Each structure stands twice: as C-alpha cells, then as structure tokens.
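These notes are about the structure you will find just below.
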There are 2 protein chains.
Amino acid sequence: MIESASSESVEMYLKTVAELGGEHGPVPIGRVAERMGVSPVSANEMMKRLGEQRLIQHQMYKGVSLTGDGRRLANSVIRRQRLWECFLVDHLKLDWARVHDLACDLEHATATEVTEALAQYLGNPSRCPHGNPIPDRDGEVGQENDLTLSRLKVGQSGRIRAIVPESSDLLAYLAERGLIPGQSLTVLEAAPLKGPLTLRVGDSQEEPQVALGLALAELVQIDRVEGKSD
Amino acid sequence: MIESASSESVEMYLKTVAELGGEHGPVPIGRVAERMGVSPVSANEMMKRLGEQRLIQHQMYKGVSLTGDGRRLANSVIRRQRLWECFLVDHLKLDWARVHDLACDLEHATATEVTEALAQYLGNPSRCPHGNPIPDRDGEVGQENDLTLSRLKVGQSGRIRAIVPESSDLLAYLAERGLIPGQSLTVLEAAPLKGPLTLRVGDSQEEPQVALGLALAELVQIDRVEGKSD
DNA sequence: ACGAGTTATAAGGTTTGCCTTATAATAGAC
DNA sequence: GTCTATTATAAGGCAAACCTTATAACTCGT
Ligand SMILES: [Mn+2]
Ligand SMILES: [Mn+2]
Ligand SMILES: [Mn+2]
Ligand SMILES: [Mn+2]
C-alpha cells in the first residue's frame, strides 16, 4: 500500500482506465484519450510512463489494463471522489448533478488521513449519490450486475441503482426527469428501430411520463426487476 | 470579483506574500523565496509574472506588495484554508497541529460554490482553530492588535488568541504544552539576556509550569491582559 | 487477402515552474 | 564614502504534460 506521490494527471489517467473497464480487460488507449479530452499521442506517452511505473500493462494494439498497484491507486482516487460527493450532497446540500465535478478536484488534494476520517464521519457509505459503489480503503470494489434500463422490456419495472458514467450533463438531464438512484419506474412503451422508451417514473399512475432515448437508457443501471420477463 | 483561473503555485505565492505582510508594505522577495523553499531567482520570475497580471506591485530593491486583486485572491485562498481547518478539526476530529498542512492542499481544489456552502455549514466561523481570522467572501480581513506573549511582563496574565505563523512543528510543540487559543496563562518569570519565559498555563495554581523561549513567545498572540502593567 | 481504420512511434514545439551559475545594480551598515 | 549583503537580470537547462504532423505497424471486417 505504498502511496507513492502521484500527480493529478496520473491519478486521472488511472481513474479513467478503471472506469473504462481496465480492471477486467484491455482498454484501447484511444478510448482513454477521448474520455480525457487529450490527443491519442499524449495518452500514449502517459501510458508509456504508467507502464514504466508498473501501474498498467500495455498489450500492443489491444489496450491497457491495470496492474494490482494501478487498480488500487485508481480505486483509491474513486473512493476519495465518491466520499466527497456524499459530503457535498448530504452535508453541504450542493447540487446532485454538480458534485461529481467538484469532487473531481478535491479527490487529488485529499490525504489518506482525511479520506478515512471523512469516511467515518459519513458513516462509511457504500455508494455515492449517483449510486456507484465506494471502494474500500484497500482499493477493492465488488462487482455489480450489469442490467441497464435499455434492456428492460415493455411492462417491466425496476429501480434505478446508479448512473454510469457520471457526466454532469447527463446527470442534470436525468435529474430534471426524476431519474435518480432509488427511483422506481416502469417501461410503458419501446419505440421500434432503437427508438426512445416511454417510462412511468414512480409508482403512482398519475406521474408524468418520460421519454428517454435508448442511448441514455444504457447508462442507467437497474437493480430490481418486476413484471413479465418478456 | 473575477476569479480568473490561477494555479496552485500562483495561489501559494500570493498567500505567502499576504502572510508576510504584503497588504501593508513591500515584502522582500528573498523572504518569499525562503518561506516557500524556492530559489530567489524562481521567486523573482514568479513575481514578474504576478506583476504582469496586476496581482502584485514590485518596488525595485524593496519588495512586493499586493494590489487590490492580489489581496482579494490571497485572502480568498486563506479563507478556503481556514474554513477547511475548522471542518477538519471540528467535524473530522483531526489533529489540531496537522490540519494546517492538510487544508493547504484542499484550499486549491475548492470552488467558490464549495467554499460558501462549507462556510454556511460551519456556521460562518470568524477564526480558524489556530485563532487566525477567516477573511470574508469579499477577501477582507480586519486588523488585529499585535500584542505577543513575548511582550508580557512578569506577573501579567493573558489569553492566547492565535499562533502566527501556522507551522506544523511549531503548532505541535505548543499543543504539547497546552498553548492553544483560548488558553489563559501568566508569566511567572522572564530569564535575563533574552532567556526563556516561565509560564503558568491555566488558572489553577496546580498546573505544571512551562518554559518557553522568547523567539517562540513572539509567535503567540495575546488577547487580554491582566495584572500589573510593568 | 486486402484495405480501412486504429494504434504506435518519431520529431519537434509549447507552457509552467522549477533549477544553477554568473553578473550587475543597489541599499544599508560602518 | 566605501564595502558588503541583498536584489535583479541574463543565460541555459530540466521535467511534466500537453500539442501537431508524419509515418509505420497492426487488426479486423468483408
Ligand atoms: Mn479529478
Ligand atoms: Mn458519484
Ligand atoms: Mn496550499
Ligand atoms: Mn489555522
């Protein structure tokens, strides 16, 4: 658990690789560059450096995956971010859709000491306000089932577990429509040709209906399912 | 109140200039370099940049002083730091002598939005845990009287208001001896030739006595004075 | 088996914030 | 007034992260 001094840049690269699935399989460096808004050449340079530090492993023309150290460091960053998100929402009452970005700054300036005291202060929450799991202090996260709203059939109901990825625009859009973790919903209609879903949000028959594009529905993870399974 | 994007480095330079008295008179750049642990040449280069941005004013061979913008930015950094110190001590229960350094990291990663929500959460405290005033959101701080423990005469009593500057080593040393803001004390003896003071810390006659070098006593600001004035 | 698109590498450049060494200018102490 | 310590500037360098442009190598779908 040697938390060698790592720059904000290094932390963000590792976090991005983790979010793109770098714990499980190789992530194309182009994806990383895209997500981080840097040129592929820049991302490549950084991957070379991270490889030298044994934080990632680079399979040529396939992509990068996290080593043990890399995974732990990435999850430590994610832990810090999500704990801050909890604090900003629960205590400072800041906007649910904005805290992700605010916490993304704080995460790099937070000593382990502060992280652990914060975790205790918050009662060791297991999820961030957007429903995503908070890694434990050893940098481990449990796997989740991967059911998404886009896979629900007409008539099925579920409860929103999390939004992935946590982008402000996306979060703001979903929040406006009441689509936040814990919310239950039912798919009333699915337009053909990958068209939008029509949802009933909440339990009451009187709730306004919500139309949601399938691409967005893919980013909404679902917990429980009820209703006919086909 | 244009909070133009300023780097951590710029913020630290401005904070340092402010702490060295740059609101009032010119601060020699050598002092700044020394305090920041950089070479005088580096500090000079930075001062040139800060001058171009109209954050400081440089009087050749005299030193630098803060402009209005520079003072506001410096005080905004100090505000962020001291608010975080309050949070870390009061809520996270972290060590009084360590929070200064921990907050010095957080201060640069804290959006105005977060700062103001934090201030409200904390009940708009007016002082940090080390007794120093928290600038208001407009970047203003009131002046304090400048009585220090080193100036108390034998027999006089006072109450510790603040420790300046806030260096971890200094804070840890003083905390070990019970010398924290709010604590009342009496000077029992002052050794000749700039020798150490002997103090009674607290009100009870049974308290252990504390010996404190005059150089350290200069860094302890005193609020009230009682006892014969000479 | 080939070609399109992706991925990798090479080369050269920028900005920020540091460094050292050397020299010039100045202020302040004596 | 002169000398010394401080302060300023010039010159050259370095590392981290970025960039663009160009070329080479590879994968994969058809
Ligand atoms: Mn971040
Ligand atoms: Mn979150
Ligand atoms: Mn700082
Ligand atoms: Mn303080």
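Letters A, B, ... are given to chains in the order of the sequence lines, protein chains preceding strands, and every chain is numbered from 1. A quick note: this is a predicted structure, and the numbers were derived from the prediction, not measured.
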- request: List in chain and number order the residues that pass salt bridge (Lys or Arg N to Asp or Glu O under 4.0 Å) with B:Glu45, two or more places apart in sequence or in another chain; answer none if no residue qualifies.
  value: none

- request: Rounded to the nearest angstrom, tell me the gap between atom CD in B:Glu11 and atom C1' in C:dT16.
  value: 15 Å

task: Please list, chain by chain and in numerical order, all residues satisfying ring-ring contact (aromatic ring centres under 6.0 Å, His included) with A:Tyr121, sequence neighbours excluded.
output: A:His91, B:Phe87, B:His91

task: Quickly work out the B:Gln53 CD to C:dT15 C1' distance and round it to whole Å.
output: 13 Å

message: Show me the pairs that pass salt bridge (Lys or Arg N to Asp or Glu O under 4.0 Å) and involve residues 50-65 of chain A, at least two apart or across chains.
response: none

field: Stretch residues 35-49 of chain B: residues that reach within less than 4.0 Å of DNA chain D through a heavy atom
entry: B:Val41, B:Asn44

- prompt: If you look at every heavy atom in B:Leu106 and A:Ala109, which pair is closest and at what distance?
  reply: CD2-O, 3.5 Å

- prompt: Is the number of heavy atoms from other residues, nucleotides or ligands under 6.0 Å of A:Glu140 CD greater than 12?
  reply: yes

Side-chain atoms of residues 124-132 of chain B: list all donor-acceptor pairs with protein atoms under 3.5 Å, sequence neighbours left out, distances to 0.1 Å.
residue, atom, partner, partner atom, Å
B:Arg127, NH1, B:Gly131, O, 2.5
B:Arg127, NH1, B:Glu144, OE1, 3.1
B:Arg127, NH2, B:Glu144, OE1, 3.3
B:Arg127, NH2, B:Glu144, OE2, 2.9
B:His130, ND1, B:Glu85, OE1, 3.2
B:His130, ND1, B:Glu166, OE1, 3.0
B:His130, NE2, B:Trp96, O, 2.8
B:Asn132, ND2, B:Ile163, O, 2.9
B:Asn132, ND2, B:Glu166, OE2, 2.8

- request: Would you mind reading off the distance between A:Ile56 atom CD1 and C:dA8 atom P, rounded to a whole angstrom?
  value: 10 Å

query: How many angstroms lie between atom CG of B:Leu149 and atom CG of B:Leu179, to the nearest 0.5 angstrom?
result: 7.5 Å

task: Mind grabbing the angle between the end helix axes of the helix from C:dA1-D:dT30 to C:dC30-D:dG1? Five pairs an end, 10° rounding.
output: 10°

task: Using the closest heavy atom to pick a nucleotide of DNA chain D for each, name whichever of B:His58 or A:Ser9 lands nearer the 5' end.
output: B:His58

task: Go through the structure and list residues passing salt bridge (Lys or Arg N to Asp or Glu O under 4.0 Å) with A:Glu8, not counting sequence neighbours.
output: none

field: Contacts of A:Tyr61 that satisfy ring-ring contact (aromatic ring centres under 6.0 Å, His included) - sequence neighbours left out
entry: none

query: Can any side-chain N or O of B:Gln81 pair as donor or acceptor with the backbone N or O of B:His100 at less than 3.5 Å?
result: yes

message: Can you pull out every salt bridge (Lys or Arg N to Asp or Glu O under 4.0 Å) where at least one residue sits in residues 95-109 of chain B? Sequence neighbours excluded, please.
response: A:Glu113-B:Arg98, B:Lys15-B:Glu107

task: Specify the residues of residues 12-32 of chain B, ordered by number, for which at least one heavy atom lies under 4.0 angstrom from an atom of DNA chain D.
output: B:Pro28, B:Ile29, B:Gly30

- prompt: Starting at CD of B:Glu34 and ending at P of D:dA5, how long is that distance when rounded to a whole Å?
  reply: 16 Å

Could you pull out the protein-nucleic contacts involving nucleotides 24-27 of chain D (nitrogen or oxygen on both sides, under 3.5 Å)?
none

query: What pairs of residues pass the salt bridge (Lys or Arg N to Asp or Glu O under 4.0 Å) test when at least one of them lies in residues 17-41 of chain B, not counting sequence neighbours?
result: B:Glu19-B:Arg35, B:Arg31-B:Glu34

statement: For B:Thr148 and B:Ile222 the tightest heavy-atom approach is C-CG1, 3.8 Å

